[in-house]
Amino acid sequence: MKHHYLGLAARKKGAWRQLFVHGSKYDLNHLKIYLQERYQGETMLTKNGRSALALALKGYFEKGDKVIVNGFTCYAVYEAVKAAGLTPVFADITKEDLNFSVETISKVADGAKGIIIQNTLGNPVDIEAIEAFAKEKNLLIVEDLAHCVGINYRDGREAGTVGIATALSFGKDKSIDTITGGAVIFRAPRKHEIKAPAKAPARSDNFRARFYPMAGAMCRGLSYVHLGGAMMKLFLKLHMVEKSADNKLDLSVKPAKFEAKLALEQIKTLKNEKPLREFYLVRSRDEVLKKLKKVGYYFDGFWYEKPISPARYYNKVHFPESDCPVAVMVASTIINFPTHYDKKELERAKEIVKEYL
Ligand SMILES: *Cc1c(COP(=O)(O)O)cnc(C)c1O
């Protein structure tokens with residue numbers, strides 16, 4: 001890799017733009033109108049993806065209802081289900097696309113009222129089969145677009161235009177990435193009243209969201225001299241950045257204006273998308289990661305090292321490991337790369353990974 005210096009590591013204009021871009025209240029409005037048209041429903045802008053998903057669920061389900069969740073996901077999804085007062089039931093995945101299938105959901109569907117489709121890493125589920133199953137069992141479909149804005153299902157429909165509600169995340173490394181922010185689109189009449197988030201985010205949260213891309217670029221720059229990790233630790237300690245998994249769920253807060261501006265710019269370009277991240281299942285993952293680190297790759301977390309990630313939250317979930325053996329296997333062998341590496345860098349990393357397939 002050629003970019004050995006800190007200044008060059010911040011080469012992506014994005015980091016500077018995120019720091020200084022100005023947003024107005026019109027940006028919030030424009031984004032809302034755009035989402036309303038693209039996904040055909042009443043739209044609310046939210047603090048993050050998990051708050052969007054929680055509002056989606058609150059709109060249609062009763063307290064205590066069971067909803068089926070992909071058995072390979074992030075803690076944010078679990079948190080959203082719990083915040084809505086619901087009970088998650090996890091369905092195992094297939095190692096080809098990291099999604100549940102009709103076969104695995106039929107094992108846990110008894111008594112369930114809904115299902116959350118996530119199209120893991122941008123790989124579409126078999127929507128026709130799942131929709132037919134959902135109809136038969138009276139399951140309401142909610143689509144979580146954190147990984148898959150702009151992808152199409154195999155029958156040609158766009159992700160986010162199938163279920164009763166659609167949740168978006170604008171979180172770090174997601175399809176739309178403004179560090180925080182999200183949106184929910186209610187595509188069918190709601191059963192319960194939902195108040196639109198109306199509070200602006202705290203100044204300190206705004207600062208952290210603005211600074212994160214620059215912090216990441218600086219750490220990647222320093223990773224070539226093996227100081228990236230230390231620098232990120234320092235930023236975390238000083239509360240200048242926040243790990244994305246730690247972003248709080250809050251149903252009363254809307255995104256920052258500048259985030260709405262950036263999110264709208266980004267989503268307009270997302271059409272007929274390929275998967276968000278390529279993944280590999282490898283032998284001796286620790287060894288592979290060590291090798292990648294040695295040549296200057298800086299990982300602040302890949303997706304996902306536990307069936308429900310990050311690992312530090314895993315114990316809270318009581319994940320049914322024996323019912324989801326494929327998810328457990330995948331979580332211990334998967335490697336996938338953050339979105340901020342360019343094509344050349346990814347090719348180089350792949351050379352290292354290939355030896356371990
Ligand atoms: C990250 C993520 C979310 C929620 O995103 P936040 O904006 O971090 O709350 C929801 N679903 C999936 C599958 C995710 O990976």
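Read the numbers this way: they start at 1 and go in the same order the structure lists the ligands and their atoms.
With contacts defined as side-chain heavy-atom distances shorter than 4.5 Å, the pair Tyr75/Pro310 qualifies. Using a 4.5 Å heavy-atom cutoff, the side chains of Lys350 and Glu278 are in contact.
What sits closest to atom 5 (O) of ligand 1 on the protein, heavy atoms only, is Ser169 OG, 3.3 Å. The protein heavy atom nearest to atom 6 (P) of ligand 1 is Gly49 N, 3.4 Å. Lys174 NZ, 3.7 Å is the protein heavy atom nearest to atom 3 (C) of ligand 1. In this structure, atom 8 (O) of ligand 1 lies nearest to the protein heavy atom Arg50 NH2, 2.8 Å. The protein heavy-atom contact nearest to atom 10 (C) of ligand 1 is Asp144 OD2, 3.3 Å.
In this structure, the side chain of Asn70 engages the main chain of Phe100 through a donor-acceptor pair within 3.5 Å. For the pair Arg187 (side chain) and Ile164 (backbone), a donor-acceptor distance under 3.5 Å is absent. Counting only distance, with no hydrogens or angles, the side chain of Glu273 and the backbone of Ile151 share no donor-acceptor pair below 3.5 Å.
Between Phe211 and Phe235, the ring planes lie perpendicular to each other; the angle is over 60°, past the 30° to 60° tilted range. Using cut-offs of 30° and 60° on the angle between ring planes, the pair Phe72 and Tyr304 is perpendicular. Note on ring orientation: taking the six-membered ring where Trp is involved, the planes of Phe319 and Phe90 are tilted (angle from 30° to 60°).
Where the criterion is an N or O separation shorter than 3.5 Å, residue side chain and backbone included, His147 meets it with respect to ligand 1. Polar contact check, Tyr304 against ligand 1: a nitrogen or oxygen pair lies under 3.5 Å apart.
Against a heavy-atom cut-off of under 4.0 Å, Ala146 is close to the following atoms of ligand 1: 2 (C), 3 (C), 10 (C), 11 (N), 12 (C), 14 (C).
Using a 4.0 angstrom heavy-atom cutoff, Asn247 does not count as in contact with ligand 1. For Phe72, the heavy-atom gap to ligand 1 stays at 4.0 angstrom or more. Judged by the shortest distance from any of its heavy atoms, Cys74 lies inside the 4.0 Å radius around the atoms of ligand 1. Residue-ligand proximity: Leu53 is placed with every non-hydrogen atom at 4.0 Å or more from ligand 1.
The proximity of Asn48 to ligand 1, defined as any non-hydrogen pair under 4.0 Å, involves the side chain as well as the backbone.
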